Protein chains: 2
Amino acid sequence: MGKPESLPSAQASVDRDEVIRRLGQVLPPANLLHSREDTKPYECDGLPAFRNVPLAVALPENEDQVRAVMRVCHELGVPIVARGAGTGLSGGALPHAEGVTLGLSKMKRIVEIDPVRRTATVQPGVRNLAISEATAPYGLYYAPDPSSQIACSIGGNIAENSGGVHCLKYGLTVHNVLAVRLVTIEGEVLVLGGDGLDAAGYGLLALTIGSEGLLGVVTEITVKLLPKPQLARVVLAAFDSLEKAGQAVANIIAAGIIPAGLEMMDRLATEAVEQFVHANYPLDAEAILLCESDGTPEEVAAEIERMEAVMRASGATQIRLSKDEAERLRFWSGRKAAFPAVGRIMPDYYCMDGTIPKRRLAEVLQGIARLSEEFGLRCPNVFHAGDGNLHPLIMFDANVPGEAEKAAQFGSRILTLCIEAGGTITGEHGVGMEKINEMCVQFHPDELEVFRAVKRAFDPQDLLNPGKAVPTLHRCAEFGMMHVHRGQERFPELPRF
Amino acid sequence: MGKPESLPSAQASVDRDEVIRRLGQVLPPANLLHSREDTKPYECDGLPAFRNVPLAVALPENEDQVRAVMRVCHELGVPIVARGAGTGLSGGALPHAEGVTLGLSKMKRIVEIDPVRRTATVQPGVRNLAISEATAPYGLYYAPDPSSQIACSIGGNIAENSGGVHCLKYGLTVHNVLAVRLVTIEGEVLVLGGDGLDAAGYGLLALTIGSEGLLGVVTEITVKLLPKPQLARVVLAAFDSLEKAGQAVANIIAAGIIPAGLEMMDRLATEAVEQFVHANYPLDAEAILLCESDGTPEEVAAEIERMEAVMRASGATQIRLSKDEAERLRFWSGRKAAFPAVGRIMPDYYCMDGTIPKRRLAEVLQGIARLSEEFGLRCPNVFHAGDGNLHPLIMFDANVPGEAEKAAQFGSRILTLCIEAGGTITGEHGVGMEKINEMCVQFHPDELEVFRAVKRAFDPQDLLNPGKAVPTLHRCAEFGMMHVHRGQERFPELPRF
């Protein structure tokens, strides 16, 4: 994990009063917070290990106000950190102590729903789930479904390129957004993307999605909607070893099946879940798979048959098919409640997010098990098996001296394991502050330099979310040192949920 | 269309002999062409309206040679134009008279096929169809299928983000490439993308795909393979008006059906085709639709039923279902032979490529019909209806004084029509030289400036394919003039096929 104090400070030291005075000229009083008691609640996002109280919090209600705030900050050289619902897990919305936090929560209007085009145009503050709720009357929905979808905003989803349990079949945010309006640091508006599959010019839409607020601020998003499948059913398969479950995942994919969802949980996770939500998971299994099929009844029947055959051939000790929608939801409820379930049985846990090639699943899981013994910390595994996105949950007690530090070292070792396996340090949570040091491990200096050059193309003064996502060469050098002296490094408090 | 002579010249005027001497130090003699008779064949690509004989043609056999050529050109400030099979239709591979054409045709090795991961790793010179041929034994194929797939290279497909008749369901090149090795102008290698759905850092892979050789040169590509569908069948539906056919397309999509292919041809096109390949199309129809379903027999049966119902409800005068694979291929043969078929009945034609929102299909087709009368030139329409990608074929005779000029003006008016309808000037052929002026119409100066800034991030000296795809402000100003004086502008010879 990165150290919060290593956030770069704004070019010149900022004149607080001047910034607040100038912002006050472009925002109504109710939309500008600057007293410490008002700004304190914004000091962190879903990764409270890092905290900074911002200089001010701007809460624009429309694009013109966003543009005005950007112009003021650009002119005064003040850092801007955009913030959605604040549910991010990598500290991407951690405020800058000398910067303005740009909260998009008041921009939550659903601008247009076009059931024929199957698109919805919304403001960034709209909740992920609210899009599907608003389009349900047309039999449509928005596919990406992060576990936090009740609370997280579509703007935040774009910043982190969020996924969910259905992204194996339906893709991540980047695969489901058709266009955005992007306000640049100069306060100009760029319209990126559109109706067509292809667009002239460079693919700036895909570049923007997942850029963690470093390139601009999105003020309007047009998403692709999908027709709600007529039917969805889940196969629950139990295995007596993680290896067999991992192999079953590889076999499903190799068979040319693309499940609507393909999730895996190990024994520690299922045990924690059962005590909490009673999803009726088999407790004698070392690992279970949840494999969903959706479509027309004919399609689902045909696909479920193939799925079950592969599971059986892969050595499943038990196979259950959801009888009805209620049981399908119960099967998923366990998976979706896994994080809080683990939180219930241990004071603290640290949710990791790494992606590996599916074929390396078994060996990486063994590596995590070895690390778990080495550090003496339990680590249930819950993950999007179909796309190799792991979410190990490192359990610890921050009140036991040294455990938080051990958890952090354990986490960093897991990320290194993912990189060594040919994977990446983020599957859907982004890099933010959390993994910025590991960026130095994953990427070659030449690659990091291209990232920085792209950043300069949009934000030459480095005012947009500075210090996040892409490390400086200096930081990587510093991290090299940290590697050597890691034992001596004081590790900050870790997230509570 | 842009004027070829308006390609920018290299920073300093180049010392030909020095360039050839230095390239000779890094390439075997057989891999470096510089005599005029050797370089002449490279003077144009699939858009022979533009011709330039390059200073030299480098034909590297491996990545190290590509890197060495890049380093030499970078050091000497010599423009580099990458070239695949030379089948591009927008002049993207038009050589620079003072530059080096970097032909990737010798790099045509299939590096690895992984049937379990369902990926193929290939060099850029590999033909699009060769990938599917090589992976067929595993029951796999590469989905994007441009009409030129027998000849065009995967490297060229990446430069133009090529599509094909199946991209409605399976996406364009950008949706089917997992990773590339990109050599920068400095000769460094960037590995972009990977196994995971998401990647840390900015989405440079998507940025690279479709960048028309302006950001770097791709030396290795890992593509996603799909299991060959068990069955595919085509519904051929006839309509007595273009409007009804256009509405049928909208209805299919609105019904939530995503056909494997959804193509439309108007009467002029079907007539030309029938005389040529006898695809057995109904000749009394004003428009026909070809609508394909693929999957398991159960899936296909269920989907075809829904497709036929929508076609009937949309006023189809006749519906035919391909009885067997032979008939399915015969139905497609007409569509795929449309360009040469039109070429047979008219000495010249100009193939346009624009994309519009599907819901504007009918009105844009009416607009093209009006323009056809205004210019007195016939214009059969063949297009990827499902994704709104139009390919009007403007028929003319370059030997009739003034017709080539009229055809070019007609084409430019069609592109403007697409932009006015909320579409874009390219669906899959790229901008290249052909549409660089229309970029000034489609994009706001602020947007063009961001494009240029991104270009500078990769290639500050503007050595990679200069003068293509993204116009300078100067060029846009010049084009404004050209608009006014277009009548006086001498229009270059147009492509023959």
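Quick caveat, the model's predicted, so the values are computed rather than measured.
- Of the two parts of A:L205, neither the backbone nor the side chain holds a non-hydrogen atom closer than 4.5 Å to a non-hydrogen atom of chain B.
- Rounding to the nearest 0.5 angstrom, the gap separating the OG1 atom in A:T184 from the CD atom in B:E449 is 11.0 Å.
- Contacts of B:V470 with chain A are made by side-chain atoms alone, with heavy-atom separations under 4.5 Å and no backbone atom involved.
- Proximity to chain A is absent for every atom of B:L226, based on heavy atoms less than 4.5 angstrom apart.
- For chain B, the option among A:I209, A:V191, A:D114 with the highest count of heavy-atom pairs below 4.5 Å is A:V191.
- Using a 4.5 Å cut-off between heavy atoms, A:E299 contacts chain B through both its backbone and its side chain.
- Listed by chain and residue number, nothing satisfies the ring-ring contact (aromatic ring centres under 6.0 Å, His included) test with A:Y141 (two or more places apart in sequence, or in another chain).
- Ranking B:P357, B:G388, B:P115, B:G423 against chain A, the residue ahead of the rest is B:P357, based on heavy-atom pairs under 4.5 Å.
- One finds the CD atom of A:E447 at 10.0 Å from the CD atom of B:E188 (value rounded to the nearest 0.5 Å).
- If you measure heavy-atom distances from B:A469 to chain A, you find no contacts under 4.5 Å at all.
- Chosen from A:N389, A:L215, A:I425, the residue pairing most often with chain B at heavy-atom distances under 4.5 Å is A:L215.
- Contact check for B:V189 versus A:D446: no side-chain heavy atoms found under the 4.5 Å cut-off.
- Residue with the most contacts toward chain B among A:P297, A:G201, A:G422, A:A302: A:G201 (heavy-atom pairs, distance under 4.5 Å).
- The choice from A:T296, A:L204, A:V116 that makes the most heavy-atom pairs within less than 4.5 Å of chain B is A:L204.
- The heavy-atom pair separating A:R118 from B:I258 by the smallest distance is NH2-CD1, 4.2 Å.
- Within the 4.5 angstrom heavy-atom criterion, no atom of A:Y138 approaches chain B.
- Only the side chain of A:V431 has a heavy atom closer than 4.5 Å to any heavy atom of chain B.
- Contact annotation for B:K228: neither backbone nor side-chain heavy atoms come within less than 4.5 Å of a heavy atom of chain A.
- Nearest approach of A:A457 to B:V454, heavy atoms of both residues: CB-N, 3.9 Å.
- For B:R181, the side-chain hydrogen bond (donor to acceptor under 3.5 Å, both in side chains) test picks out B:E63, with sequence neighbours left out.
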>> Does B:Y202 form a side chain to side chain contact (heavy atoms under 4.5 Å, CB included) with A:V450? I'd like the steps, not just the answer.
In response: CA-CA 10 Å; B:Y202 301 117; A:V450 174; over 6 Å; no
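- Separation of atoms NE2 (B:H175) and NE2 (A:H175) is listed at 7.0 Å; rounding is to 0.5 Å.
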